[in-house]
Trainee: 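My structure is below; once you've seen it, I'll send some questions.
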Amino acid sequence: MRKNLLFRILLIAVPFAMLFSSCNKKDDMSIDEPQKVDLVFQANLTKPVLKSANLPYDEMLAALDCDWADYGTVHVRIATADQLPDGGTDYYLGYTQVGEGIASDLVQLTPGTFYLTRFEIVEKIDENQDWSEANSKILLATPMDNSAFEDFVTDVLPFEFEVGTYEKNRLVFDVLCFNQQVAPAFGFEWFDYNIVEGDEICVFVNCINEYDRENYHQVFASDMYAWKTALDGETVIPAGDVPYWIIGPNYEIGDNKLVSSVTPMCFPLYDVLDSMENGLILQLMPVFGKTFEDSIIYGDDVLVHISRDIIMEYLGFKTYEGIPEELGDGISVKVELTDDPQAENPRYIHIMLSDCNKPAYFESHSNGSDIADIYALRFDGDNVLMTKILDFSSVGRDPHIAVAPNRRQLYVVNSDNSSQILVYDLYSMSYETFGIGGDVPEKVTQLVYMNDTLFAADMNTDALTFYVLDPDGLNYSEYNEITLNPEVDFSGGDLIAVKDDVGHSTLWSFSKNGTTSYVHEIDIATGDVTQLAQETNLHNTFGAMVFEGGDLIITGHGDDVGLKGWVTPFNFAGSFTSYNPIPDITYTYGDLASPFILNRARPITE
C-alpha cells in the first residue's frame, strides 16, 4: 500500500567498547588514541503533520508517494567545520527493520563537532555500478536551511552535533517524501539529480539587433523566473505576488565582470498540464555585467508567455511542428530540436526577441558637486532603479552622453573640454578616453545619434552649430549652423532624434528659459526651427531621452526629485508620469540618453 508519508529520523550515538588484552600488550590501545563512537541512524514512521501554511506546498507534498518497502540504503554526508559547505564524507548504509521503522548500519566517528549536511534514503539507479551521488535516486530527504520546505520539519540541514566519549547523543530529524520535480523545494539544485525527459522545460533565449550586424543574433543573459498564470479579460498575466519558481541565471560573470557562458536553462514543472490551462510566463531580467563596485547591471524586465500548446509540443504530447508563436513586441516562441546526438531530451523552447533585451539607460548628474557620475537606469513601475557604473571624476563635471543604436557604445563628452571623448563599451564594461586634435567645438553641450550619425551640438543662446563626430576616428567635421530665437536659451537643454511615419528625420530640442520649458523641432537640413510646446510644469528641465522603444519621452525636472515622462502629442497635464529614483538623487543638472529614436506617427499639434 502506498502512502503519503513523513518520517522522523533518530540519530543515536553509543560508545564503542574498548577491548584490552592483558596477554598481548602490543594490541593494547594507547591512552592517547581517540576512542571511536558508533552512530546509528534510525527512521521511525510518524503521521504526516505539515507545518506550513503555504497551501501550494502543502498540496505538492501531499501528492508525493513513497513506499517504505522500497527503501534500500541510508545516505548521509558528515563534515567537519573546515569541510563546509560542500565537503565531507559520504556513507551509504544498509538497514534492519526495527518495529515500524528502520535502523541503519553503524558509522564510527571520533569525538568532536560534526555537521550533518545530507540525510536521505536512496536506491541505486544502476545495480552494476558503485554507490555515488550520480548513481543514487532519492526517495526521502531532509530539507536544507532557507528552502521552501524548511517549515515542514523541526530541524534543517546542515545540522551541528557533538560526538562525545561515553555519551549518548540522540538527534531527531524529519524526512519528507522526495520527488525529483520538487528538488528545488528541498534546497537542492535540480541539475544534481537525474531529471528525466518530461520532468522539466528547457529554454534558450536570443535577440536580434538590426543595428548591430556583427552580433546580429545575440544570446540573452538574464535572471529568470517562472510564474503561474491568470487571465485579465483575455490577457494572460502573472498570477500571485511572487514567482512560483526562481530559475536563476543562465550566465556566468567572470573575474573581468563580463557576462560569459550563456546557456540554455531547464527547470522542473511543479504542475501537470491539466492545471496549466494558460501555460506559464517567464520573467527575463537582462544582465549586462558588473560595475566596478560589483553591482549587477540590469535592464528592464521582459515577460514572455509560453502557451500550453508550446509546452505540450515540447513534452511530446503534441506533434512537433517547430512553428513560432508570435507574441507581439517582436517576441516569438517555438519548439526546436537540438542536433546534439547525446542529448537526453532533444527538444528545447526557443525564445526570440527583436528588441535585444531593452538595454540599460544611462544618465549623468551633478548632485550639487563638481563631479558627475554615470548610472544605469532600470524602470520598474513608477520607480527608476539606479546603478552607478562609472565614477566620472577623471573626466569632468558636465558630461553629455549618447548611446549608439547598436547598444554597445556610450559616448561621453565634457562640455568644458570638447577635445576629449570617453567611449564606454557596454558589453565589456570598460572605457577609453580619446583626445581629439585639430579644430573642435568650443563647447559641446549635446550629443545625439540620428541616421547612423553621431552629432555634436554647440548650443548657444542665438545659434546652433552641429558637428559630425566620426565614431571610428573620433574626429569632428562642421555640418551646419542654424540661427535660433535669441529669446530662447537653448544652451541648457537636450536633443533627441525623431522619425515620422514617412521616414523623415528631425531633432527635438528640450530647453529652459526662466520658469518655462520649451520643445522645438529643428530640421538640420533646412535650418527650420518650430516651437512645438511650452510648459511651466517643466520648470528648469534638464536632459531628455526616448524610452520604451520609441513611444515615450522622459526628462529631468530641476525642482523635483525624480524624472517626468509623457507621450506625444504634448498634453502635459493629462499624460505626466513621475519616476522616483532609488536611491534618492537630487538632480541639479545632467543628461539622459538611450539608443531609441522617437516614433512620431502623426503631426504634432499644441
Side-chain angles (χ1 to χ4, degrees), residues 1-5 7 9 11 36 38-43 45 63-79 83 85-98 100-109 114-144 157-158 173 175-202 263-264 266-269 315-316 337-348:
M1 181 176 64
R2 301 187 67 85
K3 302 175 182 178
N4 301 329
L5 304 179
F7 296 90
I9 300 299
L11 171 61
K36 291 191 175 181
D38 288 348
L39 304 181
V40 178
F41 295 90
Q42 183 173 339
L45 175 61
L64 299 181
D65 289 329
C66 42
D67 191 332
W68 189 248
D70 290 342
Y71 305 150
T73 298
V74 176
H75 170 222
V76 296
R77 181 176 297 161
I78 300 174
Q83 293 174 318
D86 300 319
T89 302
D90 289 293
Y91 299 89
Y92 292 90
L93 310 171
Y95 68 83
T96 56
Q97 197 85 25
V98 178
E100 294 184 358
I102 62 171
S104 75
D105 294 343
L106 301 180
V107 173
Q108 291 185 339
L109 296 176
F114 297 91
Y115 298 85
L116 185 66
T117 62
R118 292 289 285 271
F119 193 101
E120 305 155 349
I121 311 298
V122 297
E123 65 181 8
K124 273 189 178 182
I125 297 173
D126 185 347
E127 291 294 337
N128 297 319
Q129 299 295 323
D130 293 334
W131 279 109
S132 67
E133 195 166 20
N135 193 36
S136 302
K137 178 182 179 182
I138 302 174
L139 303 171
L140 297 102
T142 299
M144 306 298 290
L157 302 182
F173 292 94
V175 176
L176 305 176
C177 295
F178 182 85
N179 180 291
Q180 52 194 351
Q181 285 183 270
V182 296
F186 280 81
F188 304 155
E189 296 290 345
W190 67 268
F191 47 76
D192 286 343
Y193 303 95
N194 294 282
I195 305 295
V196 298
E197 182 175 351
D199 280 342
E200 85 289 347
I201 287 182
C202 295
T263 59
C266 302
F267 59 96
L269 283 176
L315 294 176
L337 300 180
T338 178
D339 56 5
D340 182 0
Q342 303 300 319
E344 293 184 6
N345 189 343
R347 291 183 170 93
Y348 65 96

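Not measured: the values here are computed from a predicted model.
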Trainee: Is there a donor-acceptor pair closer than 3.5 Å between any side-chain N or O of Asp105 and the backbone N or O of Leu93?
Mentor: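 Judged by distance alone, no pair lies under 3.5 Å.
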Trainee: Say you draw a straight line from CZ of Arg77 to CZ of Phe119; how long is it, rounded to the nearest 0.5 Å?
Mentor: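 The CZ atom of Arg77 sits 14.0 Å away from the CZ atom of Phe119.
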Trainee: Between Met144 and Pro158, is any pair of side-chain heavy atoms under 4.5 Å apart?
Mentor: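 Of all side-chain heavy-atom pairs linking Pro158 with Met144, at least one is under 4.5 Å.
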Trainee: For Tyr115, give me all partners under ring-ring contact (aromatic ring centres under 6.0 Å, His included), at least two apart in sequence or on another chain.
Mentor: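 ring-ring contact (aromatic ring centres under 6.0 Å, His included) list for Tyr115, sorted by chain: empty.
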Trainee: Could you go step by step and tell me if Ile78 and Leu116 meet the side chain to side chain contact (heavy atoms under 4.5 Å, CB included) rule?
Mentor: CA-CA 5 Å; Ile78 300 174; Leu116 185 66; 4.1 Å; yes
Trainee: Should Tyr92 and Val122 be marked as a side chain to side chain contact (heavy atoms under 4.5 Å, CB included) after you check the CA-CA gap, both sets of side-chain angles, and the distance that decides it?
Mentor: CA-CA 9 Å; Tyr92 292 90; Val122 297; 4.3 Å; yes
Trainee: List the atom of Asp90, the atom of His75, and the distance in Å for their closest heavy-atom pair.
Mentor: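 Answer, listing the atom of Asp90 first, then His75: OD1-NE2, 2.7 Å.
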Trainee: Show the numbers, then the answer: is there a side chain to side chain contact (heavy atoms under 4.5 Å, CB included) between Phe186 and Ile138?
Mentor: CA-CA 12 Å; Phe186 280 81; Ile138 302 174; over 6 Å; no
Trainee: Output all residues satisfying side-chain contact (heavy atoms from CB on, under 4.5 Å) with Ala79, sequence neighbours left out; order by chain, then residue number.
Mentor: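 By the side-chain contact (heavy atoms from CB on, under 4.5 Å) rule, Ala79 matches Gln83, Leu84, Thr117.
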Trainee: Which distance, rounded to the nearest 0.5 Å, do you find between the CG of Leu157 and the CZ of Arg118?
Mentor: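 So the gap between those two atoms works out to 9.0 Å.
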Trainee: Residues two or more places apart in sequence or in another chain: which of them pass side-chain contact (heavy atoms from CB on, under 4.5 Å) with Gln129?
Mentor: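 So Gln129 forms a side-chain contact (heavy atoms from CB on, under 4.5 Å) with Asp126, Asn135.
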Trainee: For a quick test of reading the model, state the closest non-hydrogen atom pair linking Ser136 to Ile125 and the distance between them.
Mentor: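 Smallest heavy-atom distance, with atoms named: O-CD1, 3.7 Å.
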